[in-house]
Amino acid sequence: MPRHWSEGLLCLGALLSSSCILSVAKPQNNTPSSDARPYTINVAVDEVSLTFHAADFHGIPIDDLQLPDLRLLDNNKKPRQILSFETHQNLPVHLGILIDTSRSMLGHLLRNQAIANEYITHLLRKQTDRAFVMGFDSESKVVQDWTTDTDALTASLRNVDTGHMSRLDGTALFDSIYKTCRDQFGTANPLAGNFILLFTDGIDNASHARLEDDIDICQKANTAIYIFSAEPKTFSSDGQKNLVTLAAQTGGVIFFDQTRETIWNDLRVIDANLRSQYRLVYKPQHFKRDGSFHRIKLDSPNRGGVITTRSGYYATP
């Protein structure tokens, strides 16, 4: 655990959709370079692009899976056809930090700023990665746009709750996530580990967007949501149920850890997940764009371990 955690905390206190697939000529197994040929997104009404991460039971990435190692079910049915299977390692990270500054979350603000700052300071790579910071209550605003400058990101975290948002009661969580995936990740590089680091209690009472809208657009933008809950693991509140759903259906994880050491381990798990990924494109059986939810089950009976991916998708018309 880096010894800068407590220093950072004190300093802060003082201050995939079913419609998009990745089209590549062949699997990529090395770090993408800036002069590589651009990747393209092709629209196909009956193809599903699935991004996932595999790790052993100790959290160590499994980076040598082969297609025969996998078992995939879409609504309990095997795919009609596997179109492509790709391995990507050492990917760049594109990170959106979303911090809830509504009244119910102000007591957790210092903690959330410190966690986000820890990732920026110790895990974000200036050469390849980039990030932005958004604060939200009943309104949302990007306080630092995409940048590779860690100093600028840290400064924006210190000021995320000052001078720009509504003082009205309410939290527009769903609207904030929807705008993030539409406006920030909608044009992001598909060959990157795209994720939202979300700090909120999951309560929404001011949005036009729905939970289902967020799931759909995050899947289309190939963006996972990772969440640090400020509350104990109970699953009893509506807010916590929202967060569990957002994480599960976008391929992210919700963490309930409270100590500095366990939170640091969680951040390293996130970083490993995003930098070592697989992408699989397939055609489901009897696919219809009727708005229904298709549940995905992906595992590796031969190799074991844990596979992290979204739990399904909406077959949007």
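What you see below is based on every heavy atom in this structure, not just the backbone, and it leaves out hydrogens, waters and symmetry mates. Treat the numbers as computed from the prediction; the structure is a model and nothing was measured.
Side-chain atoms of L83 and K283, non-hydrogen and from C-beta on, do get closer than 4.5 Å to each other. Counting heavy atoms from C-beta on, the side chains of R80 and H286 never come closer than 4.5 Å. Between F255 and V253 there is a side-chain heavy-atom pair separated by less than 4.5 Å. Side-chain contact between R310 and I215: absent, with no pair of heavy atoms (C-beta onward) separated by less than 4.5 Å. Here the side chains of I99 and L109 are in contact, with some heavy-atom distance below 4.5 Å. Taking 4.5 Å as the limit, some side-chain heavy atom of D266 sits within range of a side-chain heavy atom of F228. The shortest distance between side-chain heavy atoms of L197 and I270 falls below 4.5 Å. Taking the side chain as every heavy atom from C-beta outward, I225 and C218 approach each other to under 4.5 Å.
The backbone N or O of D69 lies less than 3.5 Å from a partner atom in the side chain of S300, making a donor-acceptor pair. Although no hydrogens or angles enter the test, the distance criterion places a donor-acceptor pair under 3.5 Å between the side chain of D213 and the main chain of R210. At least one donor-acceptor pair closer than 3.5 Å links the side chain of N75 to the backbone N or O of R295. Side-chain N or O atoms of D149 include one that pairs as donor or acceptor with a backbone N or O of D151 at under 3.5 Å. Within the 3.5 Å criterion, the main-chain N or O of S276 finds a donor-acceptor partner in the side chain of H53. Although no hydrogens or angles enter the test, the distance criterion places a donor-acceptor pair under 3.5 Å between the side chain of S156 and the main chain of L153. Q285 places a side-chain N or O within donor-acceptor distance of the main-chain N or O of K78, the cut-off being under 3.5 Å. Checked by atom type and distance alone, the side chain of T223 pairs as donor or acceptor with a backbone atom of A221 at under 3.5 Å. Remark: side-chain polar atoms of E118 are not paired, donor with acceptor, to backbone N or O of Q113 under 3.5 angstrom. No donor-acceptor pair under 3.5 Å is formed between the side chain of D100 and the backbone N or O of F199.
For the residue pair Y278 and D63, no side-chain donor N or O sits within less than 3.5 Å of a side-chain acceptor on the partner. For the residue pair S102 / D137, no side-chain donor-acceptor distance below 3.5 Å is found, with atom types taken as modelled. Side chains of N273 and Y226: a donor-acceptor N/O pair is present below 3.5 angstrom, by distance only. In summary, the side chains of Y313 and D74 do present a donor paired with an acceptor at a separation below 3.5 Å, with no hydrogens or angles considered. Side-chain N/O atoms of N222 and T51 include a donor and acceptor closer than 3.5 Å. Between the side chains of R260 and N265, no donor N or O sits under 3.5 Å from an acceptor N or O. Side-chain atoms of W146 and Q184 form a donor-acceptor pair, as typed in the model, at a separation below 3.5 Å. D204 and S207 share a donor-acceptor pair across their side chains, judged by distance under 3.5 Å alone.
The hydrophobic clustering, which links ILVMFWY residues whose side-chain heavy atoms are closer than 4.5 Å, places I62 and L50 together. Under the 4.5 Å side-chain heavy-atom criterion for Ile, Leu, Val, Met, Phe, Trp and Tyr, F256 and M105 are members of distinct hydrophobic clusters. If you chain together hydrophobic residues whose side chains sit under 4.5 Å apart, L157 and W264 fall into the same group. Under a hydrophobic clustering in which Ile, Leu, Val, Met, Phe, Trp and Tyr are joined whenever their side-chain heavy atoms come within less than 4.5 Å, directly or via other members, L211 and I217 fall into different clusters. Note on L73 and V281: separate hydrophobic clusters, where clusters join Ile, Leu, Val, Met, Phe, Trp and Tyr whose side-chain heavy atoms are under 4.5 Å apart, directly or indirectly.
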How far apart are the C-alpha atoms of R275 and D129, what are their side-chain angles, what is the distance that settles it, and do they pass the salt bridge (charged side-chain N to carboxylate O under 4.0 Å, His left out) test? CA-CA 11 Å; R275 297 192 189 280; D129 303 341; 2.5 Å; yes

Y282 vs L280, side chain to side chain contact (heavy atoms under 4.5 Å, CB included): CA-CA, chis, key distance, verdict: CA-CA 7 Å; Y282 68 94; L280 190 155; 3.6 Å; yes

Carefully, step by step, assess L298 and R71 under the rule side chain to side chain contact (heavy atoms under 4.5 Å, CB included). CA-CA 6 Å; L298 180 66; R71 177 175 59 186; over 6 Å; no

Evaluate side chain to side chain contact (heavy atoms under 4.5 Å, CB included) for Q249 paired with Y314, printing each intermediate quantity in order. CA-CA 10 Å; Q249 296 193 13; Y314 289 96; 4.2 Å; yes

Start with the C-alpha distance between T200 and N242, add both sets of side-chain angles, then the distance that settles side chain to side chain contact (heavy atoms under 4.5 Å, CB included), and finish with yes or no. CA-CA 11 Å; T200 181; N242 287 337; over 6 Å; no

Pair S292, D290 - check side-chain hydrogen bond (donor to acceptor under 3.5 Å, both in side chains), show working. CA-CA 6 Å; S292 64; D290 55 5; 2.7 Å; yes

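With sequence neighbours left out, the salt bridge (charged side-chain N to carboxylate O under 4.0 Å, His left out) criterion links D145 to no other residue.
In this structure, CG in L98 is found 8.5 Å from CG in L173, a value given to the nearest 0.5 Å. Note that SG of C181 and CG of D183 are 10.0 Å apart. Values are rounded to the nearest 0.5 Å. Distance NZ/K288 to CG/D46: 13.5 Å, rounded to 0.5 Å. Summarising the geometry, atom CZ belonging to R182 is positioned 13.5 Å from atom CD1 belonging to I177; distances are rounded to the nearest 0.5 Å.
Closest of all the heavy-atom pairs between F185 and G96 is CZ-N, 3.7 Å. Heavy atoms only, all atoms of each residue included: L67 and F85 are closest at N-CE2, 3.8 Å.
Few gaps surround CG on D64; more than 12 heavy atoms of other groups in view lie less than 6.0 Å from it.
Applying the side chain to side chain contact (heavy atoms under 4.5 Å, CB included) test between T128 and each of R130, R125, K126 identifies R125 as the sole match.
The pair K179-D175 fails the salt-bridge criterion, with no side-chain N (NZ, NE, NH1 or NH2) lying under 4.0 Å from an Asp/Glu carboxylate O.
Ring centroid separation for the pair H94 and F195 does not come in under the 6.0 Å cut-off.
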